[in-house]
Undergrad: 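Below are the structure tokens for one structure; questions will follow.
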Protein chains: 2
Amino acid sequence: MKNNLEIYADVDNCPIRNVLDRIGDKWSMLVLLVLNESDVLRFNEIHKVIGSISQKMLSTTLKNLEADGLIEREVYPVIPPKVEYRLTARAESLIPHLLSLAEWAKDNFIPIKQSRERFGS
Amino acid sequence: MKNNLEIYADVDNCPIRNVLDRIGDKWSMLVLLVLNESDVLRFNEIHKVIGSISQKMLSTTLKNLEADGLIEREVYPVIPPKVEYRLTARAESLIPHLLSLAEWAKDNFIPIKQSRERFGS
DNA sequence: AGTATTACTTACTTTTGGGTAAGTGCTTGA
DNA sequence: TCAAGCACTTACCCAAAAGTAAGTAATACT
């Protein structure tokens, strides 16, 4: 059993930790879900839809997702610039898991908030 | 469609953001998976199994999970102290989603690492 | 000549997460 | 008398995450 668990401890070689570090950051999952609903979006469109994200964070989040092969960036060499973002097949295979997690979150949101209140600070 | 997405933007009222902020931290998911495999564990047992977690972080992680109603803390009034932790039914309903996410992570770990290398920086 | 548009970057600051090391309280056993 | 065991807490520190505001490049439109 311990062997079974040891894998989790090492950040670099643990797939779950490695992937969750990315997905679990402040904006990545949100951007993936947004792109999933809209098929294809430009930088400023994502920015407007999310609203509260800064340009800087959107830029680095998109870069990270692209590095992981979860989104594709298509640049049109025009002026003013035009860049389109869409999910890759890899991301599409991830989406169902995110959605099922999101559904659990929705179903359990109220009771969890109640638990937190009961627990106090 | 915009209405569909607006919900994600507000941290306090978005279930996904709210739950993922907790699950997505450095240790919570790991502790849940560890408890899932072992049924019931004491503080120092979890500490030993994970190995790399500090007592301080284990303590706050357990406190947060308890506040969310995901683990139960049972205190035996003996000396030296004895405290047992186990998953609640709520956590058990979450576990399958975490495991399916973990499986996706395992399946996609290699290609993702390759993507990252190809991408450079 | 000046403004708008688009997709960013850069410099700077603040906030948060998390690590380290030591301390606490109480009892049992050597 | 003193170390050991357990489940923590506390004080302090550091690095990374994230926010703010401004700047950039190139062209078209007025």
Side-chain angles (χ1 to χ4, degrees), chain A residues 8-12 14 17-18 20-31 34-35 38 40-67 71-86 119-121, chain B residues 8-12 14 17-18 20-31 34-35 38 40-67 71-86 119-121:
Chain A
Y8 298 127
D10 175 7
V11 191
D12 289 338
C14 171
R17 289 281 296 275
N18 221 283
L20 209 81
D21 274 5
R22 181 84 7 123
I23 299 307
D25 74 3
K26 193 166 180 188
W27 299 110
S28 293
M29 183 169 169
L30 181 50
V31 168
V34 163
L35 279 176
S38 301
V40 54
L41 286 176
R42 299 174 64 178
F43 186 91
N44 277 343
E45 288 174 334
I46 306 176
H47 188 241
K48 269 173 213 149
V49 168
I50 298 186
S52 49
I53 194 175
S54 68
Q55 284 185 318
K56 176 197 163 193
M57 284 315 295
L58 179 54
S59 165
T60 71
T61 301
L62 290 170
K63 215 172 287 172
N64 287 336
L65 291 173
E66 194 196 354
I71 61 175
E72 268 172 18
R73 207 176 97 100
E74 190 170 4
V75 182
Y76 297 84
V78 295
I79 282 169
K82 177 176 178 184
V83 181
E84 284 183 349
Y85 294 92
R86 73 185 72 232
F119 197 78
S121 170
Chain B
Y8 298 127
D10 175 8
V11 191
D12 290 337
C14 170
R17 290 281 296 275
N18 223 284
L20 209 80
D21 274 6
R22 180 91 358 132
I23 299 305
D25 74 4
K26 193 167 179 186
W27 300 109
S28 293
M29 182 169 169
L30 181 49
V31 168
V34 163
L35 279 175
S38 302
V40 56
L41 286 177
R42 298 175 65 176
F43 186 91
N44 276 343
E45 288 174 335
I46 306 176
H47 188 239
K48 269 172 214 148
V49 168
I50 298 188
S52 49
I53 193 172
S54 68
Q55 285 184 319
K56 176 197 163 192
M57 283 315 296
L58 178 55
S59 166
T60 71
T61 301
L62 290 169
K63 214 172 286 172
N64 287 336
L65 291 173
E66 193 195 356
I71 61 175
E72 268 172 20
R73 207 177 97 100
E74 191 171 2
V75 182
Y76 297 84
V78 295
I79 283 169
K82 176 176 177 183
V83 181
E84 284 182 349
Y85 294 92
R86 72 183 74 234
F119 197 77
S121 168

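Any value given below was found using the heavy atoms of this structure, including those in side chains, with hydrogens, waters and symmetry copies removed. Since this is a predicted model, take the numbers as computed values, not measurements. Here is how names work: the chains are called A, B, and so on, in the same order as the sequence lines, proteins then strands, and each is numbered from 1.
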Undergrad: If the cut-off is 4.0 Å, is A:K26 near the phosphate of D:dG19, judged by side-chain N/O to OP1 or OP2?
TA: yes

Undergrad: Taking B:T60 for the side chain and B:M57 for the main chain, is one N or O donor matched with an acceptor at less than 3.5 Å?
TA: yes

Undergrad: Closest to the B:S59 side chain: D:dT9, C:dT9, D:dG19?
TA: D:dT9

Undergrad: Round to a whole Å and report the spacing from CG of A:D21 to P of C:dT16.
TA: 20 Å

Undergrad: Within this structure, what is the NZ-to-P distance between A:K48 and C:dA7, rounded to whole angstrom?
TA: 9 Å

Undergrad: Please report the distance, rounded to the nearest Å, between CD in A:E66 and C1' in C:dC8.
TA: 13 Å

Undergrad: Side chain of B:D25, heavy atoms from C-beta onward: which of D:dC8, C:dG18, C:dA7 has the nearest atom to it?
TA: C:dG18

Undergrad: Expressed as a whole number of angstroms, how long is the span from B:I53:CD1 to D:dA7:C1'?
TA: 14 Å

Undergrad: What does A:Y76 touch in the nucleic acid at a heavy-atom separation under 4.0 angstrom: a base, only the sugar-phosphate, or nothing?
TA: nothing

Undergrad: Atom NZ of A:K63 and atom P of C:dA7: how far apart are they, to the nearest Å?
TA: 15 Å

Undergrad: Quick one: does A:I53's side chain get under 4.5 Å of A:H47's, heavy atoms only?
TA: yes

Undergrad: Could you tell me which non-hydrogen atom of A:I50 sits nearest to which non-hydrogen atom of A:L30, and how far apart they are?
TA: CG2-CD2, 3.8 Å

Undergrad: Look at the side-chain N and O atoms of B:R73 and state whether any lies under 4.0 Å from the OP1 or OP2 oxygen of D:dC8.
TA: yes

Undergrad: Could you tell me the separation between the NE2 atom of B:H47 and the C1' atom of C:dG18, rounded to a whole number of Å?
TA: 13 Å

Undergrad: Nearest whole Å is fine: how far is C:dA7 P from A:I46 CD1?
TA: 9 Å

Undergrad: Are B:Y85 and B:I71 side-chain neighbours, meaning at least one heavy-atom pair lies under 4.5 Å?
TA: yes

Undergrad: Touch check for B:K56, heavy atoms < 4.0 angstrom, all strands: base, sugar-phosphate only, or nothing?
TA: base

Undergrad: Would you compute the distance between atom CD1 of B:I23 and atom CG of B:L65 and round it to the nearest 0.5 angstrom?
TA: 7.0 Å

Undergrad: Determine: side-chain N/O of A:K82 to OP1/OP2 of C:dT5, distance under 4.0 Å, yes or no.
TA: no

Undergrad: Please compare A:M57 and A:P81 by the position of their nearest nucleotide in DNA chain D and report the one closer to 5'.
TA: A:M57

Undergrad: Assuming nearest nucleotide by heavy-atom distance, tell me which of B:R42 and A:I79 is located more 5' along DNA chain D.
TA: B:R42

Undergrad: It should be established whether B:S54 places a side-chain nitrogen or oxygen under 4.0 Å from OP1 or OP2 of nucleotide C:dT20.
TA: no

Undergrad: How long is the line joining CG of A:L41 and P of C:dT6, in whole Å?
TA: 14 Å

